[in-house]
Amino acid sequence: LFICLVQQSKFTSQEDSRHRLLVVRARIKEEAIRDRKQSLPLRYDSRTTIFSPEGRLYQVEYAMEAIGNAGSAIGILSKDGVVLIGEKKVTSKLLQTSTSSEKMYKIDDHLVQSLCDTKQGYTQFGGLRPFGVSFLFAGWDKNHGFQLYMSDPSGNYGGWKAAAVGANNQAAQSILKQDYKDDATREEAVELALKVLSKTMDSTSLTSEKLELAEVFLTPSGSVKYHVHSSDSLTKLLVKHGVTQPAAESS
């Protein structure tokens, strides 16, 4: 009996050693798989033309993330026009702000697809980096009327009724989903744009120096009008819609 016990004890010891060895091997294998997964972005983000096993282009995703550090920009489509509004980043009170538009530009009638094709091209050729920029396009044509398009760093673009890009764009998009109306007028679109920007900007107060506002609409003669609001006009709109308080009159 004693001998049997010893042999059984010796056999159990061998089994324990073998089990421990298998556990260690399994642990090492799991760690190797985990390290390999963690290193995947580093292996696949050096080229814009290399897809990861999950079908991702990390350079394009990095460019999209970089846009989140820029100021907010919102576009809203109304039945009689399109409203675009953008946040101006004021880094210092001592900095002389530009009197010209920082984000609003009038472009050629047929430039949208060309710009998007160029951006997409920078994601498919080696040695290039994606453009870290998103666009909101507002326009009108005789076939489809007023239109709003959004384009991201990948070069993809599509039509939207309301869209937001830049900082806090998810919060802005959530407000737009709740408050947007298909039959909204241009004035109502302006009010909604100011409301969304005031709730999503990092700044505590919304002033004319911190934003740009432009509208695209038809004149009574039927021509397309692109209008950028002046600083005084913006101040009046902010007060009218209750986004900011009127300046106190000096005694």
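Since this is a predicted model, take the numbers as computed values, not measurements. Numbering of residues begins at 1 and proceeds along the displayed sequence.
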Q. What's the verdict on side chain to side chain contact (heavy atoms under 4.5 Å, CB included) for Leu238 and Leu211, showing C-alpha distance, side-chain angles and the deciding distance?
A. CA-CA 11 Å; Leu238 292 172; Leu211 61 90; 4.2 Å; yes
Q: Take Lys88 and Glu212 through the test side chain to side chain contact (heavy atoms under 4.5 Å, CB included) and record every step on the way to the result.
A: CA-CA 7 Å; Lys88 279 187 177 180; Glu212 295 177 60; 3.4 Å; yes
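- Pairs passing the side chain to side chain donor-acceptor pair (under 3.5 Å) check and including a residue from residues 154-170, sequence neighbours excluded, read Asp152-Ser154, Ser154-Asn156, Lys161-Asp182, Asn168-Asp202.
- For the salt bridge (charged side-chain N to carboxylate O under 4.0 Å, His left out) test, residues two or more places apart in sequence or in another chain that qualify with Asp179 are Lys195.
- With sequence neighbours excluded, the residues satisfying ring pair (Phe, Tyr, Trp, His ring centres under 6.0 Å) with Phe135 are Phe137.
- A donor atom on one side chain and an acceptor atom on the other are found under 3.5 Å apart for Asp80 and Ser78.
- Counting only heavy atoms from C-beta outward, the side chains of Lys79 and Thr185 approach each other to under 4.5 Å.
- Taking the charged nitrogens against the carboxylate oxygens, Glu215 and Arg186 do have a contact shorter than 4.0 Å, which makes a salt bridge.
- When all heavy atoms of Ala167 and Ser72 are compared, the pair lying nearest together is O-OG, 2.7 Å.
- Shown here are the salt bridge (charged side-chain N to carboxylate O under 4.0 Å, His left out) partners of Glu191, two or more places apart in sequence or in another chain: there are none.
- When all heavy atoms of Ala163 and Leu148 are compared, the pair lying nearest together is N-CD2, 4.2 Å.
- Between Ala189 and Val83, the closest heavy-atom pair is CB-CG2, 3.7 Å.
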Q: Apply side chain to side chain contact (heavy atoms under 4.5 Å, CB included) to the pair Leu237 and Leu213, showing each step before the final yes or no.
A: CA-CA 10 Å; Leu237 284 173; Leu213 178 64; 3.6 Å; yes
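- Using a 4.5 Å heavy-atom threshold, the side chains of Ser134 and Ser151 count as separate.
- Donor-acceptor pairing under 3.5 Å is lacking for the side chains of Tyr122 and Gln120.
- Checking side-chain atoms of Gln178 against main-chain N and O of Ile175 turns up no donor-acceptor pair under 3.5 Å.
- The minimum heavy-atom distance between Ile74 and Ala164, with the atom names listed, is CG1-CB, 4.2 Å.
- A donor-acceptor contact shorter than 3.5 Å is absent between the side chain of Lys177 and the backbone of Ala172.
- Of all heavy-atom pairs between Phe217 and His227, the closest is CE2-CB, 3.9 Å.
- Expressed to the nearest 0.5 Å, how far CG of Leu234 lies from NE2 of His229 amounts to 7.0 Å.
- Linking Ile, Leu, Val, Met, Phe, Trp and Tyr residues whenever their side-chain heavy atoms come within less than 4.5 Å places Tyr180 and Leu136 in a single cluster.
- Annotation: side chain of Glu87 is not in contact with side chain of Lys210 (no heavy-atom distance under 4.5 Å).
- In this structure Lys240 satisfies the salt bridge (charged side-chain N to carboxylate O under 4.0 Å, His left out) test together with Glu187, sequence neighbours excluded.
- Follow the hydrophobic side-chain contacts under 4.5 Å out from Ile67 and you never reach Leu84; the two are in separate clusters.
- With contacts defined as side-chain heavy-atom distances shorter than 4.5 Å, the pair Asp141/Phe146 does not qualify.
- Checked against salt bridge (charged side-chain N to carboxylate O under 4.0 Å, His left out), Glu61 has the following partners two or more places apart in sequence or in another chain: Arg56.
- When all heavy atoms of Glu209 and Ser231 are compared, the closest pair comes out as OE2-OG, 4.3 Å.
- Side-chain contact between Leu194 and Ile85 is present, with heavy atoms from C-beta onward closer than 4.5 Å.
- To the nearest 0.5 Å, atoms CG (Leu192) and CG (Leu176) are separated by 5.5 Å.
- Side-chain atoms of Thr219 and Lys225, non-hydrogen and from C-beta on, do get closer than 4.5 Å to each other.
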